[in-house]
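To start, the structure itself, in structure tokens.
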Amino acid sequence: MLAAFTFNTAENLPIGLLELISESLRVPVSAVGLLVTGYGLTVAVASVPLVHVMRAVPRRHVLTGLLAALVVSSLVAALATAYWLLLVARLLTALAQALFWAVMGPVAVGLFAPEVRGRVVGALSIAGSFALVLGVPAGTWLGQQNGWPVPVAMLAALGLVSLMAIAVLLPTSRPDEEPAAYGTSPDARRFGIVLAAGTLSAAGAFAGYTYIAKFLGDVSGFPPNTVTALLVGFGVACLAGVSITGTLLDRFPYSALTTAVATQAVGMLGLYAAGTDTVAAVVFLVLMGGALGPVFMTTQNAMLLCAPGRTDIALAANSGFYNAGIAAGAALGGLILPLADVRGTFLTGGLLTLGACAVLLGGRLLSRRAQKQEKEGEWRRRRSGCSLGRRCPRRRSRPPARPRPGPRENSGPHA
């Protein structure tokens, strides 16, 4: 959990340190923003190829190597005096994270019984959500007090603690022999449906979320200090949503995903329709925040169930497509912003999320139809006396009834 917290904090920390890094390295704020967008694109592109290359390496060795890369890259970033060196360090961290989530999921859930693996996924997601609620704000404050390199160096210390714990406690085993190496219910069609829905949902969420501060200020009319407090509340809602949904994953894995995506759609479209009212804006903001974290968590959990092959490949694909959706959504919002007001980005995001809902519901209908056809086919086979393609024994014909004996006749004369 500490490793998940550290990686997510490392990914998002530059958001709180944009101006400090810009002033220190004498580069535009937009250039510092590339430290975040370039990070996400690297994760999106590199996830599947890296997992494929490392597919035969024992996971204990992979995780210790990834955490060592995090420690080194964080130290290089903290000592960087030039922008290009900081950018290289960030890309190294992104490569490590691209492989981390694909490997960490199967390793963590494999340590527990199958009936509680959903809660394990929830615990990992809670650790990642804490990065937004606690890690980034604490790092931002520390950077304001002591300079931006200090919180970046703290990431190296946290990564070192995680590295030592995994090196000592995690057993060494072949990747394909781990308990969660393969999906429990392989289903290529469901895998594709979850992948498409997660990508659409991510694109929709970040088409609007990228400009949430501008929306709350320009449309809802909140002052800057209140906007900051609302963003903290958004993070708390995200953490609460992950915590609640995590307890339901084992019993309702696919319903939890559909509910999270539908809640996100309601929150975004509600902000578009009623965001000018302050009370309504807060309500729909909380709904959107409460759904944003659970969407990714539920897609990751679904991959552990329906992966048609190795779960690490499925998780890498999910992470890559989700990050691609984030980048596409942010870019789409940027294109819409000058053509319409900021409310248009939330309308677009809400419609994309509705598209994700349609994909999930359509997939459920197809699944039910396939199950119904399968049951009908089984029923027909049983009626015809041929079950599962095997030759059934012929029914034995009933032997003819013996004639009943008539009244006994006397052959001789009466005495």
Side-chain angles (χ1 to χ4, degrees), residues 3-46 66-67 69-98 100-101 127-159 202 205-206 209-214 227-228 231-232 234-235 238 292-293 319 322-324 326-327 329-331 333-334:
F5 170 82
T6 305
F7 265 111
N8 268 26
T9 302
E11 178 181 6
N12 295 286
L13 184 58
I15 295 175
L17 303 175
L18 284 177
E19 294 185 359
L20 294 174
I21 296 174
S22 175
E23 294 175 2
S24 174
L25 300 182
R26 298 179 181 178
V27 294
V29 173
S30 59
V32 182
L34 289 176
L35 299 176
V36 179
T37 56
Y39 192 107
L41 289 174
T42 301
V43 172
V45 173
L66 294 177
L67 289 166
L70 173 63
V71 171
V72 171
S73 62
S74 298
L75 289 176
V76 171
L79 298 173
T81 56
Y83 174 76
W84 68 268
L85 186 58
L86 178 59
L87 180 60
V88 169
R90 287 282 298 171
L91 293 180
L92 176 59
T93 308
L95 289 173
Q97 181 165 340
F100 172 80
W101 283 111
S129 299
F130 261 117
L132 298 176
V133 178
L134 179 62
V136 174
T140 301
W141 177 84
L142 196 61
Q144 292 170 345
Q145 301 300 316
N146 302 285
W148 67 267
V150 174
V152 176
M154 289 295 296
L155 295 174
L158 294 175
F206 282 85
Y209 177 66
T210 306
Y211 308 98
I212 185 64
K214 181 175 177 61
V227 170
T228 302
L231 292 179
V232 173
F234 184 94
C238 180
L292 186 59
S319 177
Y322 193 86
N323 278 278
I326 290 174

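Below, each value reflects all heavy atoms present in this structure, side chains not excepted, and no hydrogens, waters or symmetry copies.
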Which heavy atom of [X] sits nearest a heavy atom of [Y], and at what distance?
X    : Y    : value
S319 : V43  : OG-CG1, 3.9 Å
A330 : T210 : CB-OG1, 3.6 Å
W101 : A4   : CH2-CB, 3.4 Å
G40  : N323 : O-CB, 3.7 Å
S129 : C238 : OG-SG, 4.2 Å
L17  : P151 : CD1-CG, 4.1 Å

S73: side chain to side chain donor-acceptor pair (under 3.5 Å) partners, not counting sequence neighbours: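 Scan of S73 (side chain to side chain donor-acceptor pair (under 3.5 Å), adjacent residues dropped) gives T93.
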Exceeds 12 heavy-atom contacts within 6.0 angstrom, atom OH of Y209: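 No.
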Roughly how far, to the nearest 0.5 Å, is the [atom2] atom of [Y] from the [atom1] atom of [X]?
X    : Y    : atom1 : atom2 : value
N146 : M154 : CG    : CE    : 10.5 Å
I21  : L13  : CD1   : CG    : 7.0 Å
Q97  : L70  : CD    : CG    : 9.0 Å

Step-by-step side chain to side chain contact (heavy atoms under 4.5 Å, CB included) determination, F7 to L155: CA-CA 8 Å; F7 265 111; L155 295 174; over 6 Å; no
Extract all donor-acceptor atom pairs below 3.5 Å that involve side chains of residues 79-86 and protein atoms in other chains or at least two apart in sequence.
from	atom 1	to	atom 2	distance (Å)
Y83	OH	A31	O	2.5

Expected output: side-chain [X] to main-chain [Y] donor-acceptor under 3.5 Å:
X   : Y   : answer
R90 : E11 : yes
Y39 : N12 : no
S22 : V27 : yes

By side-chain contact (heavy atoms from CB on, under 4.5 Å) - contacts of [X] (at least two apart):
X    : value
L134 : F130
A324 : A44
Q144 : L20, T140
V45  : none

